[in-house]
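All values below come from the heavy atoms of this structure, side chains included, with hydrogens, waters and symmetry mates left out. Both counts, for ligands and for their atoms, begin at 1 and track the order of listing. All of these numbers come straight from a predicted model, not from anything done at the bench.
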Amino acid sequence: MTLRRRLGVAIAALLVIMALAFGGVFFTQRGYQLSQLDDRLSGLSANTKALVAISTRADAGTGAAADLLTDVYVGVHRANGTLRTVLAPDADPTLVPRLLGNERDAGAVTRTTSSGDTERVRLVEAFLGGQRYAVVALSMSGVEAQSRRLAIALLLAWLVVAAVAVLTAYWIDRLGLRPIAALTAAAEHVTATGGRAAVQVESANPATEAGRLGTAFNTMVATTAAGQEQLRRFVADASHELRTPLTTLRGYSSLYAQGGLATDDQVADAMGRINAEAARMSRIVDDLLDLTALGDRAALDLATVDLATVLDDLAADLRVRNPDRAVTVQHSGRTLVVADSDRIRQALTALVANAVKYSAAGTPIELVAEQRGGVVGARVVDHGHGIPASELPRVFDRFYRVAGAGPKGSGLGLAVVAAIVSAHNGRYGVESEPAQGSVFWIELAAAPVSG
Ligand code: ADP
């Protein structure tokens, strides 16, 4: 059974139970009032003779007894079956109860009236001696007016509770159930489309559980859709990147098959190109594997690493391979971080390689390691081509290359740097000025000072 149906059934059951309870209250109260009326009636009928005597005296309308009998009807049976009224209630002097038969042994009974304003009376017949019977009656108007008032009060109370219950049900339905139904439909649609549809549900009140669920659902669907799109682009870019060297390899192999490589020099040249393309493919595959491993937050082999030492090592390598470059290293402060030494070396090596790749031979390269507060930063500064401001936000994207930037690359180097630094919960960035040079930087939390 749905939640909505259960709510409806619960409210209907509540209203029925309340109606039954109110009915019980009504009939109990009415029964109590009638029994009080009957008690008085039986008290009066036990003294019928005295009643008739008081009522028929000349001064019947006076005295203490008469004061107590202002609402009592007393009549005496005539031989013809009609009643001779000997005492009538003050409030309804023309009252005469209708007699339907022999009620002598029946105790108090309810009868309508044949005259007067009163509609119904409770009456008993009492033996006066000889063949004579008297009728004693009390008006039910008071009991009926009280019953009517009680019925109206109970009905009003029931209506108020019913209205509150219906409004509450509507409110729960609007705030809780309807958004959940919409969410279910949206989730089913997403499932039916194999997760491709980026359906968003209408935002319900965020202060409610359903609202929060809707927001979480929307975020999840958007994240999944973005992830799928990213994956699709990634696969397309990776295939495209790998196709270029593959095409070259196939070109040389078919050239060779057709006898196009006639001389030793041509074969050697083709082999060199094949090697270079194969190496490029290897690098791309390595980078892709790195990105996958780091994307999964593969366990890092953490240890205390001194970024200054890493930069010193990189500078030494750089000087050996590029003797024409002026390479300087500056350190300041305590430059220890807790990191995976190999990964951090890999990231800084990629930045230094880019600095060499994208700056003219002979231009200086500066490496800086410094501590600022709780972080340690490393910077690689070159004086090369620089990067236009419009390209800066995308250079860390996978496969992104600045158009006409020079030496061929895969566009994965900086993406790997970004993944490594992110895996360490660090920050990275670039400042650059076209034709002036670039500063690529990373920042990691400083290693805690022990002892
Ligand atoms: P790749 O170098 O293989 O093209 P990267 O991800 O390492 O890929 O770099 C992305 C792009 O960022 C490069 O194509 C280049 O245009 C730009 N870039 C990276 N480093 C520098 C730098 N030091 N100076 C100028 N441009 C750079």
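Near Gly411, with a cut-off below 4.0 Å to any heavy atom, the atoms of ligand 1 are 1 (P), 3 (O), 4 (O), 6 (O), 8 (O). Using a 4.0 Å cut-off to heavy atoms of Val395, the atoms of ligand 1 that qualify are 10 (C), 12 (O).
In this comparison of Ile284, Leu392, Leu414, the heavy atom closest to atom 9 (O) of ligand 1 sits on Leu414. Between the choices Phe399, Tyr400, Phe396, Tyr358, the shortest heavy-atom distance to atom 27 (C) of ligand 1 belongs to Tyr358.
What sits closest to atom 17 (C) of ligand 1 on the protein, heavy atoms only, is Val402 CG2, 4.1 Å. Closest protein heavy atom to atom 26 (N) of ligand 1: Ile387 CG1, 3.3 Å. Nearest to atom 23 (N) of ligand 1 among the protein's heavy atoms is Asp382 OD2, 2.8 Å.
Residue contacts with ligand 1: Gly384 is excluded, as none of its non-hydrogen atoms falls under 4.0 Å.
A salt bridge between Asp290 and Arg343 is present, with a side-chain N of the basic residue lying under 4.0 Å from a carboxylate O of the acidic one. Ion pairing of Arg232 with Glu229 is present here, as a side-chain N (NZ or NE/NH1/NH2) and a carboxylate O approach within less than 4.0 Å.
Among the atoms of Gly413, some N or O lies under 3.5 angstrom from an N or O of ligand 1. Polar contact with ligand 1: present for Lys357 (N/O pair, distance under 3.5 Å).
Using a 3.5 Å distance cut-off with no hydrogens or angles, the side chains of Thr244 and Arg280 do not pair a donor with an acceptor. If you check the side chains of Arg120 and Thr112, you find no donor sitting under 3.5 Å from an acceptor. Checked by atom type, the side-chain pair Thr113/Arg98 shows no donor-acceptor distance below 3.5 Å.
The two atoms that bring Val136 and Val72 nearest to each other are CG1-CG1, 4.0 Å, heavy atoms only.
Heavy atoms of other residues, nucleotides or ligands lying less than 6.0 angstrom from CD of Gln346 number more than 12.
By the criterion of a heavy-atom distance under 4.0 Å, neither the backbone nor the side chain of Leu351 is placed next to ligand 1. With a heavy-atom cut-off of 4.0 Å, Asn354 touches ligand 1 through backbone and side chain alike.
Atom-to-atom distance recorded for Thr292:OG1 and Asp287:CG is 10.5 Å, nearest 0.5 angstrom.
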